[in-house]
Amino acid sequence: MSEMNIVSKIKPLITGILNELYGQEFAEDSLTINSTKPEFEGDYTLVLFSFVKQLKKSPESLGEEIGQALTGKYPELFTAYNVIKGFLNLTISDHYWLDVLQREYHNPAFGKKAATGKTVMVEYSSPNTNKPLHLGHLRNIFLGWSIAEILKENGHEVIKSCIVNDRGIHICKSMIAWQLFANGATPASTGVKGDHFVGEYYVKFNDEYKRQVEELVAGGMKKEEAEKEAPVMKATQQMLLDWEAGKPEVMELWKKMNTWVYEGFDVTYHRIGADFQKMYYESNTYLLGKQFVEDGLQSGVFYRKEDGSVWIDLTAEGLDEKLVLRKDGTSVYITQDMGLADQKYAEFRNDQSIYVIADEQNYHMKVLKLILQKLGKPYADGIYHLSYGMVELPSGRMKSREGTVVDADDIVEEMVKVAKNKTEELGKVKDFTEPELIELFDTIALGALKFFLLRVDPKKKMIFNPEESIDFHGFTGPFVQYTHARIRSVLRKAGETALVPVTAPLLPLEKELLVLMEQYPVVTEQAVAEHNPSLLAIYAFNLAKTFNTFYTEHSVLNAETPEKKTVRLQLAEMTANIIRSAMGLLGIRVPERM
RNA sequence: GGUCCGGUAGCUCAGUUGAAUAGAGCAACUGCCUUCUAAGCAGUAGGUCAUUGGUUUGAAUCCAAUCCGGAUCACCA
């Protein structure tokens with residue numbers, strides 16, 4: 001359990017002072033307290049303008065009076081103040097900062113919160129089993145994994161889950177193509193990774209389909225009709241019916257090909273550090289949700305049209321009418337999702353359910369939550385759509401038809417190559433064994449990739465330019481990793497340095513580092529509140545940058561005095577711990593050397 | 001057409017519960033390795049915060065309109 005952050009400590013003191021001085025109550029939320037800009041003296045700044053009207057005093061005199069009162073009443077906390085325009089800049093005592101340092105520098109779990117007793121399910125990845133994972137999936141997977149870790153850090157129980165879209169017409173397409181073109185080939189016989197192997201047949205299907213449609217059109221058929229009449233398409237539709245009927249040879253092929261895909265996915269998941277506690281398969285859940293339709297009809301939430309189809313009217317909510325059951329009695333996507341949500345809750349009693357799904361499904365998720373709320377489901381309010389933007393190329397969206405999709409395995413390999421080249425160029429780890437090198441390249445490669453995808457606000461779409469490989473300098477994973485390695489090197493060299501009691505005043509760069517570190521627990525809280533791992537990436541970068549400035553300016557091992565050496569060793573250790581922790585929440589390892 | 005999201009430096013992005021002169025990184029240019037890892041540090045240059053109007057002591061941030069880009073509104077998944 002960590003202590004309260006300084007800002008939340010200061011707030012009640014200020015509202016107290018305001019009450020004493022002016023006899024008026026102010027809510028803590030009404031206070032604006034920012035970090036003091038570096039060009040001014042002070043650590044934190046109270047913005048005074050908001051009181052001016054209510055208290056009928058000039059900002060300058062308000063600042064003077066409040067500053068006077070704070071330093072007078074709490075001299076152990078506030079050691080100085082100054083007023084510039086409408087801003088009261090407060091200097092927090094070095095004792096406070098050193099206290100934080102003494103308490104936390106050796107604590108690798110700084111920022112970790114006590115258990116809340118809440119259980120949260122995070123559903124992420126959720127691939128189709130007809131093609132391999134691509135860069136878009138990686139953004140999803142890294143986000144999902146990271147938000148799960150951030151939830152844990154904030155004291156929640158987390159269940160990572162995945163719904164595998166393992167059935168449907170698109171799966172049948174690769175099955176048909178395999179029957180037509182494979183001659184019994186398998187991943188084992190060809191040496192191709194299972195998910196890529198199946199993906200090739202999905203592509204082959206589309207090629208063949210296109211060819212057949214063109215042939216029919218050339219023979220005088222209309223395009224629309226040709227698209228329905230093409231033999232491969234008809235065969236695929238028949239296969240879907242056979243699958244639903246449970247025809248043994250179709251089921252066997254389906255299982256066989258899905259197994260290949262899962263074996264491929266497992267390799268990728270393992271490589272990138274993704275894991276799940278609960279897998280759901282659409283083939284098991286696609287019939288769920290039908291019981292909701294009956295319930296909903298009874299309670300009047302749904303209504304039946306003359307043709308037998310069932311609908312919900314959401315026009316009052318500014319949405320549309322939405323189908324929940326086809327006229328032939330089969331369920332649609334949203335019905336399945338209702339059923340799956342119910343099944344999750346039945347098993348786990350989760351307080352919250354986070355769905356990591358791209359923003360193209362914003363409308364769908366809005367509808368899902370609304371329907372469940374109207375049905376009065378206890379878990380409806382806990383549904384949160386962690387919506388993220390697409391990863392695009394400079395030329396626009398990735399399109400599988402145009403072959404511009406960035407394959408997940410390829411990009412990982414590419415990053416490993418770059419990591420290897422850079423590392424060898426620098427030649428700092430020539431004494432590493434082969435396994436150590438391989439681990440280091442992986443750490444750096446995945447660090448660069450994950451940081452690249454997580455440093456951007458999830459809500460926003462992002463651009464990836466394959467021409468410029470992901471950078472290793474500046475606002476990047478390797479930069480932060482490098483800072484960690486550098487610190488560890490110093491700490492190794494320090495060995496068992498005897499620490500002495502520290503009373504010395506802090507130098508500006510020492511304090512700046514400490515002030516920033518003291519904010520870390522607040523950052524993890526914000527990250528979970530906003531469902532936004534990028535806050536941690538930005539924080540880790542700023543911390544690393546601040547440390548590097550400090551490091552260049554002040555020697556740790558050759559510090560001026562034993563006290564300075566002690567403080568700096570502690571600062572260094574705490575920085576390394578926080579970097580490790582923050583990067584860990586992003587799924588990024590940090591090396592001892594690089 | 002309805003709804004929603006976005007437009008900030010040449011590029012990629014922060015900042016958007018209103019607050020001091022709008023910040024980083026990359027790219028460009030200048031310096032810094034005889035001392036703890038130069039994957040680093042310091043500095044220069046780069047902005048009509050899409051446009052216009054409004055609210056406010058104060059607007060990149062709130063409101064309205066307009067322009068541009070995207071998503072979505074399937075008895076698809």
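A note on names: the letters A, B, ... follow the listed sequences, proteins ahead of strands, and every chain is numbered from 1. What you see below is based on every heavy atom in this structure, not just the backbone, and it leaves out hydrogens, waters and symmetry mates. Just so you know, these numbers come straight off a predicted model, no measurement behind them.
The backbone N or O of A/Ala540 lies less than 3.5 Å from no partner atom in the side chain of A/Tyr520, so there is not a single donor-acceptor pair. Here the side chain of A/Tyr209 pairs a donor or acceptor atom with the backbone of A/Glu227 at under 3.5 angstrom. A donor-acceptor distance shorter than 3.5 angstrom exists from the side chain of A/His385 to the backbone of A/Ile357, with no hydrogens or angles considered. In this structure, the side chain of A/Gln481 does not engage the main chain of A/Ala448 through any donor-acceptor pair within 3.5 Å. Within the 3.5 Å criterion, the main-chain N or O of A/Ser283 finds a donor-acceptor partner in the side chain of A/Asp166.
In this structure, A/Lys459 reaches neither bases nor backbone, as no heavy-atom distance under 4.0 Å exists between it and the strands shown. Residue A/Asn165 is classed as having no contact, given no heavy-atom separation below 4.0 Å to the nucleic acid. A/Asn465 comes within 4.0 angstrom of nothing in the nucleic acid, heavy atoms only. Here A/Gln481 lies out of heavy-atom contact (under 4.0 Å) with every strand. When heavy atoms are screened at a 4.0 angstrom cut-off, A/Glu592 is found touching base atoms of the nucleic acid. If you check every strand for non-hydrogen atoms under 4.0 Å, A/Ser489 touches a base. The residue A/Phe49 sits close to a base: some heavy atom pair falls under 4.0 Å. Looking at heavy-atom distances under 4.0 Å, A/Asp166 makes no contact with the nucleic acid at all. The residue A/Met462 sits close only to the backbone: its heavy atoms come under 4.0 Å of sugar-phosphate atoms, none of a base. A/Arg593 comes within 4.0 angstrom of a base, heavy atoms only. Counting non-hydrogen atoms under 4.0 angstrom, A/His554 reaches a base of the nucleic acid. Backbone-only contact: A/Phe479 has heavy atoms under 4.0 Å from sugar-phosphate atoms and none from a base. Using a 4.0 Å heavy-atom distance criterion, A/Asn362 is classed as making no nucleic acid contact. The residue A/Lys493 sits close only to the backbone: its heavy atoms come under 4.0 Å of sugar-phosphate atoms, none of a base.
The nearest whole Å value for the distance from the CG atom in A/Asp457 to the P atom in B/rG23 is 21 Å. Atom CD of A/Glu360 and atom C1' of B/rG69 are 17 Å apart (whole Å). Rounded to whole angstrom, the span from the NZ atom of A/Lys461 across to the P atom of B/rU12 amounts to 10 Å. Rounded to whole Å, the distance from CZ on A/Phe475 to P on B/rA24 is 13 Å. Nucleotide B/rC26 holds its C1' atom 13 Å from the CD1 atom of A/Ile470, rounded to whole Å. Atom pair A/Leu535:CG and B/rA14:C1' shows a separation of 10 Å (rounding to whole Å applied). Spacing between atom CZ of A/Phe452 and atom C1' of B/rG25 amounts to 12 Å, rounded to whole angstrom units. When the P atom of B/rA19 is taken as reference, atom CG of A/Asn89 falls 16 Å away, rounded to whole Å.
Remark: aromatic rings of A/His170 and A/Tyr202 are distant, center separation not under 6.0 Å. The aromatic ring centres of A/Phe451 and A/Phe479 sit 6.0 Å or more apart. Residues A/Tyr333 and A/Tyr286 keep their aromatic ring centres 6.0 Å or farther apart.
Contacts with RNA chain B (heavy atom under 4.0 Å) in residues 436-450 of chain A: A/Ile444, listed by number. Residues from residues 416-427 of chain A that place a heavy atom under 4.0 Å from any atom of RNA chain B, listed by number: A/Thr423, A/Leu426.
Distances shown here put a side-chain N or O of A/Lys53 below 4.0 Å from the OP1 or OP2 atom of B/rU57. Residue A/Arg486 places at least one side-chain N or O under 4.0 Å from the OP1 or OP2 atom of B/rA38. Side-chain N/O atoms of A/Asn548 include one lying less than 4.0 angstrom from OP1 or OP2 on B/rC41. When the side-chain nitrogen and oxygen atoms of A/His473 are compared with OP1 and OP2 of B/rG25, none of them lie within a distance under 4.0 Å. Taking side-chain N and O atoms only, A/Arg167 has no distance below 4.0 Å to OP1 or OP2 of B/rA77. For A/Lys545 and B/rG25, the shortest distance from a side-chain N or O to OP1 or OP2 is below 4.0 Å. Side-chain N/O atoms of A/Thr330 include none lying less than 4.0 angstrom from OP1 or OP2 on B/rC75. A close approach under 4.0 Å does not occur between any side-chain nitrogen or oxygen of A/Lys173 and OP1 or OP2 of B/rA77.
Residue side chain A/Thr552 does not reach the base of B/rA42 through any donor-acceptor N/O pair under 3.5 Å, judged by distance alone.
For A/Arg455, taking side-chain heavy atoms from C-beta onward, the closest of the listed nucleotides B/rU12, B/rA24, B/rA19 is B/rU12. Comparing B/rC75, B/rC36, B/rA77 against the side chain of A/Trp311 picks out B/rC75 as the nearest. In this structure, of B/rA77, B/rA19, B/rU12, it is B/rU12 that holds the atom nearest to the side chain of A/Ile463. The side chain of A/Val456 approaches B/rC13 more closely than any other nucleotide in the set B/rA77, B/rC75, B/rC13.
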**Q.** Intermediate values then yes/no, side-chain hydrogen bond (donor to acceptor under 3.5 Å, both in side chains), A/Asp457 and A/Ser534
**A.** CA-CA 6 Å; A/Asp457 186 336; A/Ser534 78; 5.3 Å; no
Q. After noting the C-alpha distance and the side-chain angles of A/Phe472 and A/Tyr482, does the key distance pass the ring pair (Phe, Tyr, Trp, His ring centres under 6.0 Å) rule?
A. CA-CA 10 Å; A/Phe472 282 32; A/Tyr482 171 73; over 10 Å; no
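Side-chain contact, A/Tyr388 with A/Asn140: a donor N or O sits under 3.5 Å from an acceptor N or O. Side-chain polar atoms of A/Asp337 and A/His364 form a donor-acceptor pair below 3.5 angstrom. Side chains of A/Thr549 and A/Thr546: a donor-acceptor N/O pair is absent below 3.5 angstrom, by distance only.
At a threshold of 4.5 Å between non-hydrogen side-chain atoms, the residues A/Tyr44 and A/Val515 count as touching. Taking 4.5 Å as the limit, some side-chain heavy atom of A/Thr497 sits within range of a side-chain heavy atom of A/Leu569. Between A/Asp320 and A/Tyr363, the closest side-chain pair of non-hydrogen atoms falls below 4.5 Å.
Both A/Lys305 and A/Asp359 lie near RNA chain B, and the one whose nearest nucleotide falls closer to the 5' end is A/Asp359. Nearer to the 5' terminus of RNA chain B, by closest-nucleotide assignment, is the contact made by A/Tyr363 (compared with the other of A/Tyr363 and A/Arg326).
Between A/Tyr551 and B/rC36, a base-stacking contact is recorded: ring centres under 5.5 Å apart, planes less than 30° from parallel. In this structure, the aromatic ring of A/Phe40 is positioned over the six-membered ring of the base of B/rA20, centres within 5.5 Å and planes within 30°.
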**Q.** Strand RNA chain B in bracket notation, Watson-Crick/G-U under 3.5 Å with | for pairs to another chain
**A.** ((((((((.[[[[.)...(...]]]].(((((.......))))).....[[[[[..)....]]]]])))))))....
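In B/rC33 the base sits syn relative to the sugar, since the glycosidic angle is no further than 90° from 0.
B/rG69 sits 23 Å from B/rG53 when the C1' atoms are compared, rounded to a whole Å.
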